[in-house]
Amino acid sequence: CVLSAVILLILPWFIQGFSSGVETLRNWIAWTRQAHDHYFLAAQANQSLFSAAHRFFSVQENSYSVELGFATLKAPIELVKIVYAVLGAVFYASFAFKPHPRLLQTPYVFSATFLEFAGLLIPVTLVFPVAWKYAFVNLLLPVMVILIYLYRNNGRDFVVLGLLAGFFVLGTGIPSLPVYAVRIHAHFYSSVTWATILLAIAFLKLKH
C-alpha cells in the first residue's frame with residue numbers, strides 16, 4: 001500500500017508538477033465523496049444490495065438512460081436503508097459458519113481459511129454500497145473455488161452446477177446482449193445482483 005501510494009501519488013507530482021498533482025488529488029477526493037450521493041447509489045450501474053433494494057421500491061422514469069440513472073423512489077429512504085441493513089446482516093451471517101469437514105479431505109483438500117476468505121468476498125462485494133462492475137472482480141476467487149469443487153467431484157453436484165450456470169447467464173450473458181433496451185432493463189432490475197445471490201447460494205451449498 002505504501003509503495004502504491006508513492007508510485008501513484010507522489011511520482012506524478014514530480015513529472016507533472018506539484019500544483020497539478022495537488023489539483024488531481026483534490027478532484028479525486030471530491031469524486032470519492034460524490035460516489036455516495038443519490039445519483040451513484042440509485043444508478044443502474046450500481047449492482048449492490050442497496051441499489052437493488054432502492055430500485056425495488058422505485059419506478060423507472062421515462063427518461064431513464066445509462067447517463068441519467070435516476071429512478072423515482074416510491075418508499076421512504078429509511079425503509080430502503082432498513083431493508084438493506086437486514087439483507088446485509090443476513091448475508092454476512094450466512095458466511096460466518098465453518099466449512100464442512102469433508103471439504104478439507106480427499107478429493108477436495110481445501111484449506112478452511114481459504115474457503116472462509118473466498119466466501120466472504122461475496123457479501124463484501126454485494127453489501128458495499130457502490131458496487132459497480134469493477135467490484136465484481138472479487139467474485140473470481142469464489143467462482144474458482146466452485147470450479148475446482150466441481151472438477152474434483154466430476155460435476156456430480158448438479159445443484160451447484162445449475163446455480164453457477166445461472167450466475168453466468170444473469171451476470172454476464174443478459175447484461176452483455178447487443179440489444180440496448182435489454183441491457184438497460186437488466187441493470188435496472190438488478191440482474192448482476194441476482195446473479196451474485198445465485199453464486200452465494202452455490203457457495204454456501206458447497207461449503208456446508
Side-chain angles (χ1 to χ4, degrees), residues 27-92 94-95 120-144 146-147 160-204:
N27 291 337
W28 175 76
I29 292 172
W31 178 262
T32 303
R33 288 175 178 169
Q34 194 180 20
H36 293 82
D37 66 16
H38 172 80
Y39 175 82
F40 288 94
L41 290 175
Q44 53 83 24
N46 188 353
Q47 294 291 300
S48 68
L49 272 177
F50 180 88
S51 285
H54 190 290
R55 288 191 292 268
F56 181 81
F57 293 106
S58 301
V59 59
Q60 189 171 1
E61 295 179 356
N62 292 330
S63 59
Y64 189 82
S65 67
V66 172
E67 293 78 20
L68 296 174
F70 283 106
T72 304
L73 193 62
K74 296 189 295 182
I77 188 65
E78 290 76 15
L79 177 60
V80 176
K81 290 179 178 179
I82 290 171
V83 171
Y84 171 65
V86 170
L87 290 176
V90 168
F91 232 75
Y92 269 109
S94 63
F95 284 87
L120 279 173
L121 287 174
I122 299 175
V124 162
T125 302
L126 271 189
V127 176
F128 185 69
V130 186
W132 288 13
K133 61 183 178 181
Y134 315 105
F136 291 88
V137 174
N138 287 327
L139 301 181
L140 285 173
L141 196 58
V143 167
M144 184 181 74
I146 293 175
L147 289 174
V160 171
L161 187 61
L163 289 167
L164 184 65
F167 163 75
F168 280 113
V169 170
L170 288 177
T172 62
I174 295 176
S176 302
L177 289 174
V179 182
Y180 177 78
V182 174
R183 293 201 309 270
I184 291 296
H185 282 83
H187 283 89
F188 184 85
Y189 293 109
S190 308
S191 176
V192 177
T193 310
W194 287 109
T196 309
I197 290 173
L198 290 183
L199 184 71
I201 296 171
F203 195 94
L204 292 172

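FYI, the numbering just counts along the sequence from 1. Values below: all heavy atoms of this structure, side chains included; hydrogens, waters and symmetry mates excluded.
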**OP:** Working to the nearest 0.5 Å, report the span between OG of S58 and NZ of K74.
**Re:** 8.0 Å
Original post:
Going by heavy atoms in the side chains, are V130 and F128 under 4.5 Å from each other?
Top reply: yes
**OP:** Measure across F91 and A200 and return the closest heavy-atom pair with its distance rounded to 0.1 Å.
**Re:** CZ-CB, 3.8 Å
**OP:** Please name the pair of heavy atoms, one in L198 and one in G166, separated by the smallest distance, quoted to 0.1 Å.
**Re:** CD1-C, 3.8 Å
**OP:** Describe, in one word, how the ring planes of F95 and F203 are oriented to each other, choosing from parallel (under 30°), tilted (30 to 60°) and perpendicular (over 60°).
**Re:** tilted
Subject >> Validation row: F167, V143 side chains within 4.5 angstrom (heavy atoms) >> reply: yes
**OP:** Flag the pair L199 / L163 as yes when at least one side-chain heavy-atom distance between them is below 4.5 Å, and no otherwise.
**Re:** no
Original post:
Is it true that a side-chain atom of Q47 and a backbone atom of H187 form a donor plus acceptor pair closer than 3.5 Å?
Top reply: yes
**OP:** To the nearest 0.5 Å, tell me how far L121 CG sits from T196 OG1.
**Re:** 12.0 Å
Original post:
Between CG of L164 and CD1 of I201, what distance do you get to the nearest 0.5 Å?
Top reply: 13.0 Å
Subject >> Heavy-atom closest contact (F50 atom, K81 atom, distance) >> reply: CE1-CG, 4.0 Å
Original post:
Got a second to check how far L139's CG is from L126's CG, nearest 0.5 Å?
Top reply: 7.5 Å
Original post:
Roughly how far, to the nearest 0.5 Å, is the CG atom of L140 from the CG atom of L147?
Top reply: 10.5 Å
**OP:** Measure across S190 and R55 and return the closest heavy-atom pair with its distance rounded to 0.1 Å.
**Re:** OG-NH2, 3.2 Å
Subject >> Polar side-chain atom of N46 near backbone of W132 as donor-acceptor pair, under 3.5 Å >> reply: no
Original post:
Can you tell if the side chain of V124 reaches within under 4.5 Å of the side chain of Y92, non-hydrogen atoms only?
Top reply: yes
Original post:
With no hydrogens and no angle check, is any side-chain donor or acceptor of T193 less than 3.5 Å from a backbone partner on L49?
Top reply: no
Original post:
Heavy atoms, side chains only, cut-off 4.5 Å: are F56 and V80 in contact?
Top reply: no
Original post:
Are the side chain of S48 and the backbone N or O of P129 linked by a donor-acceptor pair below 3.5 Å?
Top reply: yes
Original post:
Closest approach of I174 and A186, non-hydrogen atoms and distance?
Top reply: CG2-CB, 3.7 Å
